[in-house]
Protein chains: 2
Amino acid sequence: MELLDRSEAETYATWFRALSDPTRVQILELLAREDRPLSVGEIVAAVGLAQSTVSQHLKILAGVRFLLVEPDGNARMYRVNERCLSRFPSAADVVMGRPAPDAGDACPEV
Amino acid sequence: MELLDRSEAETYATWFRALSDPTRVQILELLAREDRPLSVGEIVAAVGLAQSTVSQHLKILAGVRFLLVEPDGNARMYRVNERCLSRFPSAADVVMGRPAPDAGDACPEV
DNA sequence: ATCGTTTATCGCCGATAGACGATGAAGACT
DNA sequence: AGTCTTCATCGTCTATCGGCGATAAACGAT
């Protein structure tokens, strides 16, 4: 009985772990729905947690490349990485038995 | 700026957290691909961890209803919950900005 | 150069997760 | 009855997580 390749499983687990916190789910969904870059301050205001806490969440989401950062003057604007918009849901398909649609390179960094 | 409903975000986070471990990803993918119930002993042999550890992982996966259990003689057979096969990937769509396809009741218990 | 704004990082904490071995419970089989 | 198999649960260990305040770093503006 064959297991899914370990490193592939670890990659998926990393993606899922990035979304294992409800606040991070809300942040990602917000950025995906707004469909425009938001500053850290705007996100802090939206979620209502300490700035250091939000910054930590953003670091985690950016670490798996769900988010991209770009400086704008003094602020740092976060936006969703469009390359993940389909790649992540397809990971959900894989673990549910649907074969991976195509190989391609992974969206999050390895 | 509106956030995703908190309880909905918590539900999704719970699903993702259940798959935040590579071993659980492998277990779920194995059961989905084999498409037949497997006993704990078979799963233990496949993943190569202690039986108590695997049992713990199975409890987590069953806790969110990704897996269903059914006793068969002395063994306990685990299989994937077909009702989750589409519901979980659609959660991945939601956090990526795609609107939820339809309401329906959640697959995991609340 | 100094100030104010914005964001990241550090250190600390309580809580949770993952691993294991040992023990316990439920059945099957003589 | 006893025994063997199969699995869940308990207790313990260590490691990681999520939160916060405080501090540092980067930059624009004065």
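As the structure is a computational prediction, the values presented were derived from the model and not from experiment. By convention in this document, chain letters (A, B, ...) are assigned in the order of the sequence lines, proteins followed by strands, and residues within each chain are numbered from 1.
For the pair Gln56(B) CD and dT16(C) P, the computed distance is 15 Å after rounding to whole Å. When the P atom of dA8(C) is taken as reference, atom CD of Gln51(A) falls 7 Å away, rounded to whole Å. The distance between atom CD of Glu10(B) and atom P of dG18(D), rounded to the nearest whole Å, is 13 Å. Protein atom CZ of Phe16(B) is 20 Å distant from nucleotide atom C1' of dT16(C), rounded to whole Å. Computed from coordinates, the Asp21(A) CG to dA15(C) P distance equals 17 Å when rounded to whole Å. Rounded to a whole Å, the CG atom of Leu19(A) is 11 Å from the P atom of dG18(D). For Leu58(A) and dT9(C), the CG to P distance is 11 Å, given to the nearest whole Å. Between the C1' atom of dT7(C) and the CG atom of Leu38(A) lies a distance of 15 Å, rounded to the nearest Å.
Thr23(A) and Arg6(B) share a side-chain donor-acceptor pair at under 3.5 Å.
Where Gly48(B) and Ala75(A) each meet DNA chain C at their nearest nucleotide, the meeting point lying more 5' is that of Ala75(A). If you find the closest nucleotide of DNA chain D to Arg24(A) and to Gly73(A), the one lying nearer the 5' end belongs to Arg24(A). Closest-nucleotide positions on DNA chain D for Arg17(A) and Asn74(A) were compared, and the one nearer the 5' end corresponds to Arg17(A).
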Report task. Go through Leu19(A) and Leu61(A) one step at a time and tell me if the side chain to side chain contact (heavy atoms under 4.5 Å, CB included) criterion holds. Result -> CA-CA 8 Å; Leu19(A) 294 179; Leu61(A) 289 173; 4.0 Å; yes
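Remark: Tyr78(B) is in phosphate contact with dA8(D), judged by side-chain N or O atoms under 4.0 Å from OP1 or OP2. Side-chain nitrogen and oxygen atoms of Ser20(B) include none within less than 4.0 Å of the OP1 or OP2 phosphate oxygen of dC17(D). Residue Arg76(B) has no polar side-chain atom (N or O) positioned under 4.0 Å from OP1 or OP2 of dT6(D).
Relative to the side chain of Ser52(B), the nucleotides dC20(D), dT6(D), dA22(C) differ in distance, and dA22(C) lies closest. Checking dT7(C), dG18(D), dC7(D) against the side-chain heavy atoms of Ser39(A) singles out dT7(C) as nearest. Among dG18(C), dC20(D), dG18(D), the nucleotide with an atom closest to any side-chain atom of His57(A) is dG18(D).
The base of dG18(C) has none of its N or O atoms less than 3.5 Å from a complementary donor or acceptor on the side chain of Thr53(B).
At a threshold of 4.5 Å between non-hydrogen side-chain atoms, the residues Leu67(B) and Leu28(B) count as touching. Taking the side chain as every heavy atom from C-beta outward, Leu4(A) and Tyr12(A) approach each other to under 4.5 Å.
Checked against the 6.0 Å centroid threshold, Phe16(B) and Phe88(B) count as a close aromatic pair.
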